[in-house]
Amino acid sequence: MANTFPIWRLGTRGERGYPHHRSRVSYSRLFLCKYSSERASETRFLKEIGFLGDFTELLYNNEMTNFYRILLTLLTFLLYLTTLAPSIVTLFDDSLEFQLVTYQLGIAHPTGYPLYTMLGYLFTLLPLGNVAFRVNLMSAVFGAFTVSLLYSFILLITPPLNSKTPPSTWPRQVGSAISALLFALSPIFWQQATIAEVYTLNAFWVMLILIVTVWSTCDGLSWSRLGLLAFLGGLSLTHHRTMLLIIPATVSYVAMTCWPNLRAMPPTHLLLALLKLILLGCLPLLLYLYLPLRGHVGSLDDTYQNSWAGFWQQVAASGYGNTFLLDNPFNQQRDLSFYSQLLIDQFGPLTIMGVLGAYLSSRSAGILSASIPNARLLTRQYGIFLLTSLTMLTYTLFNLFYNVTDIEVFFIPVFLIWAIWIGVVLSSGLAYLHDRYRQGKQPAWLASLLLMVLLLTIQLGHAFTQHQQPIQARNSWQIHDYGLDMLQQPLPERSTIIGIVGEMTLLRYFQQTEGFRPDIVTISADLEVDRFAAIEQSIHDGSPVYLTRELPGAAETWSLSAVGPLIQINSTPITSMPLVTHPLEQMVMPEITLRGYEFSRPSHTAKGMPPLRLSAIWQANGPIPTDLKVSARLLDSAGEVVAVVDQIPVHFAYPTTAWRAGEFVTDVYDWQLPPDLPAGEYQPLIIWYDPAQNTAEVGRVQLPATTVN
């Protein structure tokens, strides 16, 4: 075969590392650049010691490496898929926003996230589950790809412990795979990989930039590869602006490893090359033109202004920086123990190995110094430590001053670097154990191996016992059913529902993706004064008005009633008896009479017993001098309470002192039934009590038993 080059292979056990045969592979698989005799010698040495040698052979053309990579990616993806959130699982964060914005190709919150939005739109076209599930799936896919890239990077940079003999490849493959798996099981990343969020894609970009950075200088200065690195860096910035934090590390690495080449270039040539790199880095930023092109769709909170000033305000996210870097709006107080515990929670007992890995990375050039003939290659290994440590430093410093409530997700790049350092220790440790085994020192090898297996078992146990949030999200349909419940109420045509942004986004999701009640008008108003104004305007327009939550001052201004989970606004008190399945007239106390009731079952998608809803119609016989509360209980045949709801009437919105004499008030109580509740007859009991008088009971009514199945 033409164009071949022999490479060393390890001998079998007992041959003490000497080659027992030669294998031939093509030059194209061994080397990526042109070769001088000196460079070929250097690269041959690196190939033999298995460190920073041929990039493609190491990462792509080795059968066992590919096997580990594919297996690791599939296992990670299956893990995330089996724990993937089935639909909408959050109401007051960005996940719900992305599930709708990607579907409608709208404008997300600053910085706009054009790359994520367009990729998410492609996932919404998949014929799988509901739209929210498809966007959740994107997080799982990029989470698995991130773990695969992490494995490849650890495999690429792990130094040998002994440079005198060619080491075996499998210790680095296994050590890299174990470390990548540990990161895949880390609770924060695992949780982010099961919901619609931007952080798995951001972690994917971090790992891709790190790999391309090392590859761009693996055979000396290559402006074409640096151009690709600049382009990918600019493209990553169309996803998340924290990718700016990796620039100091990548620039420092390239400058350190290619400094002789850069210094030898004429200044004009160097300046021209740098300008080209800047141009290539800025070119992908044109993707932000997506914002003005889709500006007519707008943002879900209606804050995006499709103007030049509005565009720059969205892209720069200047409000976020001023609010969370210069101010502390949520009064976040965190000490060093918080951050250290955050790191320990990710890797459990193996966290300490990250410190050892950083130490090994920092001194690995000294290990190789006796064998490497050229100092340029030593500089490259010092550059690896600079690349990883500076990446960790910039992200950590930023996070220490970024006063957001969910700061833990911004530490994912830090966890990546820590996993890399753990991988260096595991790979080097396995290589050491393998070397001891080849020398016939089985007892020491066996004891060390058992210790490592024990540590990994502890860590895996830590992973599966501590990571309850992703597992619980797998069966979470509560928010999904809450949105359906609101839209399935018998509301008049062109009714208006007023609530905060998250609640209105939930309703709009079902209106747009599943076509539920598109006639209903939704108004987002986070501030109480804005909700007040929206109610007054809707009443003035003659539209039936409903609230999603209590509003201070509303009870003194209007009459209120419950309609399922909603609060109906009545400009005048209801003085006629509403239609009800079970009318009756039973006085609970002189001021309050029960005039009817009915049972229903709210929307329920998850497995298990659906909730039981009791709608009770009360009539105020006269002014009620005290604020009373209701305790609605469901009793079994033995009189034991199986479910209870304790609240101020009308979802905490309509205290009894605000009731008008003669009006009818509908109140709703949702009993969340135990999943193992046996079917049968259960007795509803409603107790009125005065919380100001040590919960003294002022009246009760026991309804006929109802069948629950």
Side-chain angles (χ1 to χ4, degrees), residues 32-34 36 38-39 42-43 46 51-53 55 153 156-159 205-237 241-285 358 360-366 368-369 372-398 413-414 416-417 420-421 424:
L32 299 175
C33 299
K34 297 179 180 179
S36 64
E38 178 183 350
R39 183 171 300 175
E42 295 168 358
T43 308
L46 291 177
F51 173 64
L52 274 184
F55 192 90
F153 187 78
L156 176 67
I157 70 165
T158 303
W205 278 116
V206 170
M207 287 312 309
L208 184 61
I209 294 300
L210 289 176
I211 285 182
V212 175
T213 299
V214 175
W215 172 69
S216 64
T217 62
C218 69
D219 291 301
L221 181 63
S222 172
W223 289 106
S224 60
R225 296 180 189 176
L226 291 179
L228 177 61
L229 175 62
F231 182 85
L232 292 176
L235 189 59
S236 70
L237 286 174
R241 64 174 180 167
T242 56
M243 289 303 299
L244 288 169
L245 299 174
I246 206 173
I247 293 179
T250 56
V251 171
S252 299
Y253 175 83
V254 172
M256 185 176 188
T257 55
C258 300
W259 179 247
N261 306 80
L262 296 174
R263 187 174 56 181
M265 291 181 63
T268 55
H269 292 179
L270 179 60
L271 179 60
L272 181 61
L274 293 178
L275 290 177
K276 290 180 179 179
L277 291 182
I278 294 174
L279 178 61
L280 284 172
C282 293
L283 185 61
L285 299 181
L360 278 181
S361 297
S362 66
R363 66 181 294 268
S364 56
L368 302 175
S369 59
I372 293 184
N374 194 306
R376 179 178 63 84
L377 302 179
L378 291 176
T379 303
R380 178 178 297 148
Q381 177 52 21
Y382 282 125
I384 292 293
F385 176 70
L386 177 67
L387 178 66
T388 54
S389 60
L390 193 54
T391 299
M392 168 170 267
L393 179 63
T394 53
Y395 276 96
T396 300
L397 289 178
F398 174 81
V414 174
L416 279 169
I417 301 301
I420 290 170
W421 288 342
V424 170

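Computation of the quantities below employed the complete heavy-atom set of this structure, encompassing side-chain atoms and omitting hydrogens, waters and symmetry-equivalent molecules.
- Between Phe153 and Met207, the shortest heavy-atom contact is CB-CE, 3.6 Å.
- Atom CG of Leu228 is separated from atom CG of Leu280 by 9.5 Å, given to the nearest 0.5 angstrom.
- Taking CG of Leu235 as the reference point, atom CE of Met243 lies at 10.0 Å (rounded to 0.5 Å).
- Distance check: Met265 CE to Leu274 CG gives 7.5 Å after rounding to the nearest 0.5 Å.
- The two atoms that bring Thr388 and Ile417 nearest to each other are O-CG2, 3.5 Å, heavy atoms only.
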Walk me through whether Trp205 and Ile246 qualify under side chain to side chain contact (heavy atoms under 4.5 Å, CB included). CA-CA 10 Å; Trp205 278 116; Ile246 206 173; over 6 Å; no
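- Taking every heavy atom of both residues into account, Phe231 and Leu283 meet most closely at CE1-CD2, 4.3 Å.
- Here the closest heavy-atom approach between residue Trp421 and residue Met392 is recorded as CZ3-SD, 3.5 Å.
- In this structure the side chain of Arg263 never reaches within 4.5 angstrom of the side chain of Leu270, judged on heavy atoms.
- A donor-acceptor pair under 3.5 Å is absent between the side-chain atoms of Tyr253 and the main chain of Pro248, judged by distance alone.
- Within a 6.0 Å radius of CH2 in Trp223, more than 12 heavy atoms belonging to other residues, nucleotides or ligands are found.
- Residues Thr391 and Ala249 come closest through the heavy atom pair OG1-CB, 3.2 Å.
- To the nearest 0.5 Å, atom OG1 of residue Thr242 and atom CG of residue Leu245 are 6.0 Å apart.
- Judged by distance alone, the side chain of Arg225 and the main-chain N or O of Trp215 form a donor-acceptor pair under 3.5 Å.
- Thr394 meets the side chain to side chain donor-acceptor pair (under 3.5 Å) test with no other residue; sequence neighbours excluded.
- With rounding to the nearest 0.5 angstrom, the OG1 atom of Thr250 is 7.5 Å from the CD1 atom of Ile209.
- By the side chain to side chain contact (heavy atoms under 4.5 Å, CB included) test, Leu279 pairs with no residue at all, sequence neighbours left out.
- Expressed to the nearest 0.5 Å, how far CG of Leu262 lies from NE2 of His269 amounts to 14.0 Å.
- Side chains of Val214 and Leu210 form no contact here, defined as non-hydrogen atoms less than 4.5 Å apart.
- The two residues Leu226 and Ser216 have their closest heavy-atom pair at CD2-OG, 3.6 Å.
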